[in-house]
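Encoded as structure tokens, the structure appears first; notes follow it.
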Amino acid sequence: MDERLLKPYDPPTSEAAAQGLWLQSGAFAANPSSPLPPFSMVLPPPNVTGILHLGHAAMVTIEDIIARYARASGRDVLWVPGTDHAALATQAKVESLLHKETGQTRHDLGRDKFLAQVETYAQSSHDTIVEQIKRLGASLDWPREAYTLDATRERAVRTAFKQLYDDGLIYRGHRLVNWDPRLQTTVSDDEVEWVEREENFYYLKYGPFVIGTARPETKFGDKYVVMHPDDARYQQYEHGQKLTVEWISGPITATIIKDPSIDMAFGTGAMTITPAHDQADFDIATRHQLDHEPVIDLDGKLLPLAGPFAGAHIKKARPQIVATLEAKGLVEKVDPRYHHRIPTNSRGGEVLEPQVLKQWFLAVNKPLARRGGQTLKELMRQPVESGQIKITPDRFSKIYFHWIDNLRDWCISRQIWYGHRLPVWYRGDEIYCGIEAPIDPGWEQDPDTLDTWFSSGLWSFSTLGWPSDTQELKRYHPLTVMETGYDILFFWVARMILMSQALRGEIPFRQVYLHGIVRDEGGKKMSKSLGNIIDPLDMINKYGADALRLALIIGTAAGSDSKISEEKINGYKRFINKVWNASRFVIEHANNNQTTPLTAADQNTLNEFEALTRDVTGDLEQYRFYLAAEKLYHYFWHVFADKIIESVKERLHGQTSSTDQDSGRQLLAITLGRLLIMLQPFAPHITHTIWQIWKPDQPLIMFEPWPMS
RNA sequence: GGGCGGUUAGCUCAGUUGGUAGAGCAUAUCGUUGACGUCGAUAAGGUCAGAGGUUCGAGCCCUCUACCGCCCACCA
């Protein structure tokens with residue numbers, strides 16, 4: 001009996017030894033020239049904004065199970081690690097640290113010095129994250145690690161930008177965008193988080209009309225009053241008719257506009273518009289070619305148009321403006337219980353102010369000549385519709401189509417410093433777009449950077465070396481599986497389909513598996529502000545990586561949120577202990593002589609076990625990891641340990657024949673071996689450790705063939 | 001306003017094509033020095049949110065309702 005088995009299982013020692021051996025021996029390395037069928041996947045790159053939480057740990061666990069199962073099924077597995085620079089999130093994080101520690105802003109430091117600080121922060125965050133992922137036992141091919149902002153990815157980003165610019169899909173335009181006055185940058189539509197609030201709703205007299213608004217402070221420049229062309233109440237007014245009305249700071253000339261987008265049932269059916277600060281108003285103004293004069297500046301302060309209120313911040317000015325309106329008798333009534341949704345920045349929480357700005361956009365409705373005149377929307381929709389890309393669970397396909405239908409041109413330029421600078425240079429009125437800077441003098445590069453999802457969108461192929469025509473790209477793209485959270489279906493999955501379809505003319509992956517959000521015991525989303533973040537390392541140190549992995553996977557169906565508690569993790573720690581002790585008994589009593597025939601009863605037990613094998617294999621093939629793990633757990637403990645081992649024990653102590661005893665010993669050896677192989681994707685450390693002790697001359701358990709009958 | 005998910009034992013959740021309700025944790029009692037006290041055995045605990053329908057048979061399929069949660073949407 002090996003003395004290592006006599007001691008209780010000690011996760012820290014065994015896990016460190018196992019991980020050290022795996023990494024050192026290159027066990028996770030993909031081999032592009034392997035004759036085995038390829039299997040490919042990329043790790044959704046975590047943001048370098050701090051540490052990983054249990055949600056990340058669940059993601060790594062699911063993907064590691066997929067990768068290890070594929071390896072055990074005899075495939076050449078490529079699983080690429082990487083991290084994401086998360087432009088805005090990381091910059092905002094460092095800016096707030098800087099402000100807290102020194103009271104300085106990024107402008108006090110200047111672009112170069114500030115970026116150096118961001119890099120330092122990103123590097124340390126990266127190191128923590130990589131350590132966390134390794135401690136989970138993830139079988140990633142580390143030498144291929146990528147960063148969304150490294151040199152290879154920089155070249156990919158510039159190449160992609162130039163290609164789409166040359167295609168005429170990337171353009172510069174004056175459009176209404178989501179502006180964050182605090183972070184001083186634009187934000188894409190998908191990043192807007194709408195927050196419901198109860199506010200006052202004001203009914204204001206505007207000449208002969210009564211108009212409603214929740215934002216009186218934007219109303220200074222309102223010189224258009226809009227109504228539905230069929231509204232009988234306003235039949236006497238003609239489209240384009242002008243009239244003078246008394247307004248906040250004196251009389252102004254108002255123009256009547258008739259537009260069918262107006263809801264006759266809402267309020268009075270008449271409204272004034274603020275095209276410079278509201279999407280709907282901007283659209284109406286565009287349809288009728290109206291002015292869109294700004295009222296609010298980029299800091300959120302009122303412009304000279306606001307007369308005596310110029311320079312005041314909109315938040316402070318509102319009550320004063322309402323007071324002025326009341327004094328003039330222009331307030332008809334106030335509804336104090338108006339429910340209204342306010343756009344905020346999901347990457348910082350500040351209220352956003354729509355602004356008309358000159359920005360760079362990616363056109364989603366423009367035909368792309370290189371792709372048979374299909375638009376990006378069509379290119380995104382078609383592969384999911386045709387089933388070329390399969391989304392699990394299926395219900396997300398519908399959500400995906402709905403998102404595409406509502407999609408507007410994507411604003412890709414950001415006024416922040418951390419990120420890929422736009423590969424665009426200006427000289428007077430000239431614009432140059434290229435992978436390298438122009439050589440002749442006088443050109444100035446655009447100071448803006450790209451939306452972080454632009455580089456993430458290239459991830460399925462930029463990690464494989466694109467735009468170089470690499471062996472990896474040929475062999476592993478499209479990826480076999482894309483596993484990620486349903487919360488970034490639009491941000492990321494959709495953008496990868498867009499980029500791969502547009503730039504490579506192929507899908508980025510064949511199968512999308514979406515997992516849910518890991519919540520705390522109370523069902524709350526884990527977040528730093530709630531203080532309920534659990535560091536996976538704490539749990540690994542306390543219960544071991546295998547126990548944590550099992551706790552994270554069991555009870556977690558695709559696309560469903562799950563809850564995690566320490567009690568659950570502890571429960572699986574006990575299972576790991578059970579595996580250790582049962583293995584100890586079997587190894588001590590096993591019969592490794594493969595030729596011993598099994599008795600009919602033992603053969604029957606083995607046949608039943610084979611049914612489990614088929615069941616578990618089917619679950620893994622169908623991405624039902626939680627069921628596979630649960631069935632193995634249940635069988636190991638309540639059938640193998642409780643019944644099979646117990647009955648063999650009795651036979652060994654009883655008066656049965658030696659052939660019967662040998663048969664029992666062999667049944668134990670066969671069953672344990674296969675159980676360990678099947679448990680390996682879920683609990684790689686303990687199964688590896690037992691295997692090393694039991695069968696030191698055989699290959700690593702992760703390369704043992706999957707027991708399919 | 002549109003769409004989606006959930007509602008099963010005290011708690012967390014399974015229940016894959018409809019065939020007499022399951023697991024873990026927690027609880028109670030008993031037991032156990034040879035694989036394992038990080039254990040074993042036993043027990044208690046559910047009109048499967050509610051109503052109606054299809055069926056020989058419904059937790060599962062259909063309709064409606066309630067509550068919880070999520071996503072999307074230019075009601076100013």
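Naming convention: chains lettered A, B, ... in sequence-line order (proteins, then strands); numbering from 1 in each chain.
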Complementary nucleotide of [N], counting Watson-Crick and G-U pairs under 3.5 Å:
N       : value
rC13(B) : rG22(B)
rC75(B) : none
rA43(B) : rU27(B)
rA35(B) : none
rC70(B) : rG3(B)
rA49(B) : rU65(B)

Regarding [X], tell me which of base, sugar-phosphate or nothing describes its non-hydrogen contacts under 4.0 Å with the strands shown.
X         : answer
Tyr626(A) : sugar-phosphate
Glu566(A) : nothing
Tyr633(A) : sugar-phosphate

Which nucleotide wins on minimum distance to the side chain of [X], given the candidates [options]?
X         : options                   : result
Lys649(A) : rA35(B), rA14(B), rU16(B) : rA35(B)
Ala582(A) : rU16(B), rG40(B), rA35(B) : rA35(B)
Ala557(A) : rC36(B), rA14(B), rC4(B)  : rA14(B)

Round to a whole Å and report the spacing from [atom1] of [X] to [atom2] of [N].
X         : N       : atom1 : atom2 : answer
Asn577(A) : rA35(B) : CG    : P     : 15 Å
Asp642(A) : rU42(B) : CG    : C1'   : 14 Å
Asp394(A) : rG5(B)  : CG    : C1'   : 14 Å
Leu675(A) : rA35(B) : CG    : C1'   : 15 Å
Tyr635(A) : rA23(B) : OH    : P     : 18 Å
Lys643(A) : rG40(B) : NZ    : P     : 12 Å
Ile576(A) : rG24(B) : CD1   : C1'   : 15 Å
Ile569(A) : rC25(B) : CD1   : C1'   : 13 Å

Verify whether one side chain among [X] and [Y] offers a donor that lies under 3.5 Å from an acceptor in the other.
X         : Y         : answer
Thr613(A) : Glu610(A) : no
Trp453(A) : Ser188(A) : no
Asp283(A) : Gln279(A) : yes

Please state the [atom1] separation for the pair [N] and [M] - nearest whole angstrom.
N       : M       : atom1 : value
rC13(B) : rU7(B)  : P     : 10 Å
rC11(B) : rG45(B) : C1'   : 13 Å
rU47(B) : rA9(B)  : P     : 9 Å
rC48(B) : rG22(B) : C1'   : 12 Å
rU27(B) : rC60(B) : C1'   : 31 Å
rA14(B) : rC25(B) : C1'   : 14 Å
rG59(B) : rG6(B)  : C1'   : 14 Å
rG15(B) : rG46(B) : C1'   : 14 Å

Legend entry - Worked check of salt bridge (Lys or Arg N to Asp or Glu O under 4.0 Å) between Arg651(A) and Asp602(A): CA-CA 12 Å; Arg651(A) 282 152 64 184; Asp602(A) 286 342; 2.8 Å; yes

Legend entry - Student check: side-chain heavy atoms of Arg197(A) and Val351(A) closer than 4.5 Å: yes

Inset, instruction - Check whether any side-chain heavy atom of Tyr237(A) lies under 4.5 Å from a side-chain heavy atom of Pro208(A), and answer yes or no. - result: yes

Inset, instruction - Determine, for Trp410(A) and Arg495(A), whether the Lys NZ or Arg CZ falls below 6.0 Å from the six-membered ring centre while staying within 45 degrees of the axis. - result: yes

Inset, instruction - Assign a letter to each nucleotide of nucleotides 69-76 of chain B from its 5' end: B, base within under 4.0 Å of a protein heavy atom; S, sugar-phosphate only; -, no contact. - result: ---SBBBB

Inset, instruction - Please report the closest heavy-atom contact between Ile314(A) and Arg215(A), naming both atoms and the distance. - result: CD1-NH2, 3.9 Å

Legend entry - Donor-acceptor pair under 3.5 Å, Lys578(A) side chain vs rC36(B) base: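 Such a pair is found, so the answer is yes.
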
Inset, instruction - Report yes if at least one side-chain N or O of Arg395(A) is closer than 4.0 Å to OP1 or OP2 of rG3(B); otherwise report no. - result: no

Inset, instruction - Would you please classify the geometry between the His292(A) ring and the Phe282(A) ring as parallel, tilted or perpendicular, with 30° and 60° separating the classes? - result: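 Answer is tilted, since the angle falls between 30° and 60°.
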
Legend entry - Rounded distance (nearest 0.5 Å) linking atom OG1 of Thr218(A) with atom CD1 of Ile273(A): 11.5 Å

Legend entry - 5′-ward residue of the pair Ser562(A)/Trp637(A) relative to RNA chain B: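 It is Ser562(A), whose closest nucleotide lies nearer the 5' terminus.
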
Legend entry - 5' priority, RNA chain B, between Asp615(A) and Thr556(A) [closest heavy atom]: Thr556(A)

